[in-house]
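Shown next, in structure tokens, is the structure this report addresses.
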Amino acid sequence: MTVTETAISDPAEQGTATHCPYCALQCAMGLTAPTGEDSPTLVSVTGRDFPTNRGGLCQKGWTSAEVLSAADRLRRPMLRNRSGRLVPAGWDAALDHVAEALLRIRAESGPDAIAVLGGGGLTHEKAYTLGKFARVAIGTRFIDYNGRFCMSSAAAATNRAFGLDRGLPFPLADLDQADAVLLLGTNVAETMPPFVQHLAGVRDRGGLVVVDPRHSPTAALTASGAGLHLQPVPGTDLALLQGLLHVLIAENLCDTDYLDDRVSGFEAAAAAVSVWWPERTEQVTGVSADLIRRVARMLAARSPRRGRGAVILTGRGVEQSAQGVPTVTAAINLALALGLPGRPNSGYGPITGQGNGQGGREHGQKCDQLPGYRSIGDPVARAHVAQVWGVDPDSLPGPGLPAMDLLARLGEPGGIRALLVHGSNLVVSVPNSEKLRRGLAGLDLMVVCDIVPSETAELADVVLPVAQWAEEEGTMTSLEGRIIRRRAALAPPHGVRTELDVLCDLATRLEAPCRFERDPAAVFDELARASAGGTADYSGVDYARLDAGQELFWPVPAAEPGTGAPHPGTPRVFIDGFATPDGRARMFPVEHTPPTDDVREQAPVYLLTGRVLQHYQSGAQTRRVPALVAGAGEPFGEIHPNLAARYGLQEGTPMRLQTARGDLVVRCRFSPAIRADCIFVPFHWSGSGSVNRVTSDACDPVSGMPELKVCAVRVLPDADLDPARAELVEALR
Ligand SMILES: Nc1nc2c(c(=O)[nH]1)N[C@H]1C(S)=C(S)[C@@H](COP(=O)(O)OP(=O)(O)OC[C@H]3O[C@@H](n4cnc5c(=O)[nH]c(N)nc54)[C@H](O)[C@@H]3O)O[C@H]1N2
Ligand SMILES: Nc1nc2c(c(=O)[nH]1)N[C@H]1C(S)=C(S)[C@@H](COP(=O)(O)OP(=O)(O)OC[C@H]3O[C@@H](n4cnc5c(=O)[nH]c(N)nc54)[C@H](O)[C@@H]3O)O[C@H]1N2
Ligand code: SF4
Ligand SMILES: [Mo]
């Protein structure tokens, strides 16, 4: 592992104990801020020992403090003036302007003319308050968050199969003991480098299987006998999983005792895979029948019935698909047939992406959920939360719409007139982003709370500068369901307010019918009460327990039933049963459908998207860190030299990529290890190289998660596309 460096282990040198601002691994770090000076440039970062990162950080983590003092850090509210320019304004003027516009729009068009979009990077305290603000201070049913693009398919599939969506249902360190790990569509070597430590054991034992159309750095971890890399045709993972289950059944390798005791629905799921014999699966996926048999047999031999345990994990490569829910369901079916969930060193889990991707979806930013992972349609849940908030249950709005449907209503007649954005850089990260821009242009009011002038903030009518991670207290839930403390190491710059202050001050101006807390600990206590008795029960958690270093994995109800002792939390779920009414996991039959774009009919090449090590998401934060820009400075397209030769492209030359949505220009980067029918473009950049200009906004019908990973693309040398050739673009539409 090249990117993780050794931690400084002397606790005295670790400063404020907190966690990284970025991904869901939430690596532990120490921050040391200079005392008595207003110079955050000097904040230093050290890796801190913790069960997940064991002192390691990736390059983004090491450099994270540089964003605190980014040259263009937002320090004052900005208002768009009559000539269309964003100009600095005082806080009162900015908040008055927002409140007046919201009140006017609500009076004219009703509360549902206002929408809120949140983020999986917000702390629990902010995410919870944002949900309450939308439902109570504005009264709108339209709130959703960027986790819709990230975790919603896995959430829908795990809820359906297990009755619970906890991301990893076990501590990450359980991976160390597994004898086989199947990684589907995830590139942890770049997206969570310290995670790779937990694959050392399985690599030693030759049991790592990586499924990715690219020979990613994670796929490279299977070299030298450490495991196997399967390179399927993009978008065919579901078929591959069906093929693997077919082999288990055909060769009597299923864990039949487990299926009898703990699972329902096996027969229907088995019937659906009967047609996926390995040779047919090979035709669809391009993965050889021999390899499919080998992987199925290896998983069976290492599953808990016969071996030490096996784990199946999914990432965005298989989930960000119009068949994301059925694909995750197929992965779960395979895991259940092998008898993995709830067994030692074994299980299935999706790898949560954003820092608080879990808490963000548990505590009220999702369009159909109230805090505690409760359904907003459930009268009992509504009554409980309304009582904590001190409002009439009937005053709470009903379910809204998933983010892509919500965004489709922006600026539409009778649709959404005002949008508040907290923690997402939509115009870079949403598929078919030019269409989104047209919707945003039709709004009467757009308010963006951010720490830097993101591409989305640049389009806003009002920009509100808020404190960032190292400047405030809070809590997050990491990919393994562990609740952790984020701590302030320094004060926010002069002129910057916390998001809790902003929401409280707006709630007051909107004459909200209940109280909004601005102190993070008080907000957390209220969240804990609101979550009590819900699926994601946090009622036994408070800052004191977290600050005492207790390891708390949710659910953490208020007290141990019977003894009244503090509940110890739940590191492993599903040990004694699943969270379904009868305690049994459920298998569902699924069918493979190809990606929405047709690569044979519309354009000849698969365009894949994803991430590189140096940049985080839309790049709003990491594109402001010089060392990260030096490592990855501009958009590129990874392409096989043979494919490049077909189009007369050289390494380093620009190529133009066209889809039915539009076109983009990126520089060619040759890779002999990507499939020759694919081009991979990361989504971290804006402008003409922003891949989401061309991606498909088709969504999984159950989860509403867009097909961000795969679309059909046509390749042109850059010079080929002048306006005279616009008919080519037309032909693709
Ligand atoms: N450096 C970095 N780290 C991050 C983030 C970041 O932006 N940058 N973001 C965080 C977040 S929010 C998330 S969600 C996670 C995402 O973490 P990952 O899921 O690991 O990351 P991605 O690069 O989006 O996608 C993983 C892989 O999917 C592959 N893929 C594409 N299409 C297919 C397909 O059809 N089938 C299969 N099997 N694979 C396919 C890609 O080639 C890619 O290597 O990372 C987190 N960590
Ligand atoms: N083509 C393609 N598109 C993708 C993906 C892909 O794999 N391929 N992945 C998708 C996934 S998984 C995700 S998670 C999304 C993420 O994409 P985005 O939702 O755009 O996420 P970020 O870039 O993290 O944006 C966070 C914004 O919030 C700001 N911010 C940071 N902290 C705070 C805070 O505390 N409060 C406020 N108000 N703002 C803050 C940051 O500066 C930044 O502008 O992208 C999705 N888009
Ligand atoms: S792996 Fe994720 S949490 Fe850890 S240092 Fe890197 S970005 Fe931060
Ligand atoms: Mo994500």
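Hydrogens, waters and symmetry mates play no part in the numbers below; they use all other heavy atoms, side chains included.
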Kindly indicate whether the side chain of Leu500, heavy atoms from C-beta on, has any atom under 4.5 Å from the side chain of Pro520.
yes
Whether Phe578 and Phe574 hold their rings parallel, tilted or perpendicular, with breakpoints at 30° and 60°
tilted
Glu319 and Arg316 ion-paired at < 4.0 Å
yes
Contact between Pro350 and Met151 at the side-chain level, heavy atoms closer than 4.5 Å - yes or no?
yes
Heavy-atom check, side chain of Ile332 versus side chain of Phe588, under 4.5 Å:
no
Rounded at 0.5 Å granularity, tell me how far CG in Asn53 sits from CG in Leu172.
10.0 Å
I'd like to know if Arg306 pairs up with Asp255 as an ion pair, taking the criterion as any Lys NZ or Arg NE/NH1/NH2 lying under 4.0 Å from an Asp or Glu carboxylate oxygen.
no
Just wondering, do Ser303 and Leu340 contact through their side chains at under 4.5 Å, heavy atoms?
yes
Starting at CG of Leu552, measure out to CG of Leu546 and round the result to the nearest 0.5 Å.
5.5 Å
Compare all side-chain heavy atoms of Tyr373 with those of Asp165 and state whether any distance is below 4.5 angstrom.
yes
Do Tyr145 and Ser424 touch side chain to side chain, with heavy atoms closer than 4.5 Å?
no
Could you give the distance from CD (Glu471) to OG1 (Thr498), rounded to the nearest 0.5 Å?
10.5 Å
Any ion pair linking Glu190 and Arg611 (charged N to carboxylate O, less than 4.0 Å)?
no
Less than 4.0 Å between a side-chain N and a carboxylate O, is that true for Glu473 and Arg485?
yes
Nearest-0.5 Å distance that lies between atom OG1 in Thr218 and atom CG in Leu199
8.5 Å
Short N-O contact, Arg487 and Asp547, less than 4.0 angstrom:
yes
Counting distance only, does the side-chain N/O of His422 pair as donor-acceptor with the main-chain N or O of Leu117 below 3.5 Å?
no
How about His124 and Tyr538: are their ring centres within less than 6.0 Å of each other?
yes
Would you call Asp505 and Arg518 a salt bridge, taking side-chain N to carboxylate O under 4.0 Å as the test?
yes
Can you tell me how far apart CZ (Arg48) and SG (Cys20) are? Round to the nearest 0.5 Å.
12.0 Å
Does the separation of the ring centres of Phe50 and His19 fall below 6.0 angstrom?
yes
How about CG on Asp261, more than 12 heavy atoms from neighbouring residues, nucleotides or ligands closer than 6.0 Å, or not?
yes
CG of Leu338 to CG of Leu299: how many Å apart, nearest 0.5 Å?
5.5 Å
Decide yes or no for Val541 and Gln550: does some side-chain heavy atom of the first lie under 4.5 Å from some side-chain heavy atom of the second?
no
Starting from the C-alpha separation in whole Å, work towards a yes-or-no answer on side-chain hydrogen bond (donor to acceptor under 3.5 Å, both in side chains) for Thr475 and Glu125.
CA-CA 7 Å; Thr475 54; Glu125 291 75 5; 2.8 Å; yes
Under the criterion side-chain hydrogen bond (donor to acceptor under 3.5 Å, both in side chains), I'd like the reasoning laid out for Thr123 against Tyr128: C-alpha separation, chi angles, the key distance, then a yes or no.
CA-CA 8 Å; Thr123 59; Tyr128 165 84; over 6 Å; no
Could you check whether Arg166 pairs with Glu480 (Lys NZ or Arg NE/NH1/NH2 to Asp/Glu carboxylate O, under 4.0 Å)?
no
Do the side chains of Asp179 and Val202 get nearer than 4.5 Å, heavy atoms only?
no
Go through the steps for Glu526 and Arg515 under the test salt bridge (Lys or Arg N to Asp or Glu O under 4.0 Å), then give the verdict.
CA-CA 11 Å; Glu526 186 185 303; Arg515 187 181 157 80; over 6 Å; no
Is the backbone N or O of Phe170 less than 3.5 Å from a side-chain atom of Asp174, with the two atoms forming a donor-acceptor pair by type?
no
Is the shortest distance from a Lys or Arg side-chain nitrogen in Asp257 or Arg343 to a carboxylate oxygen in the other one below 4.0 Å?
no
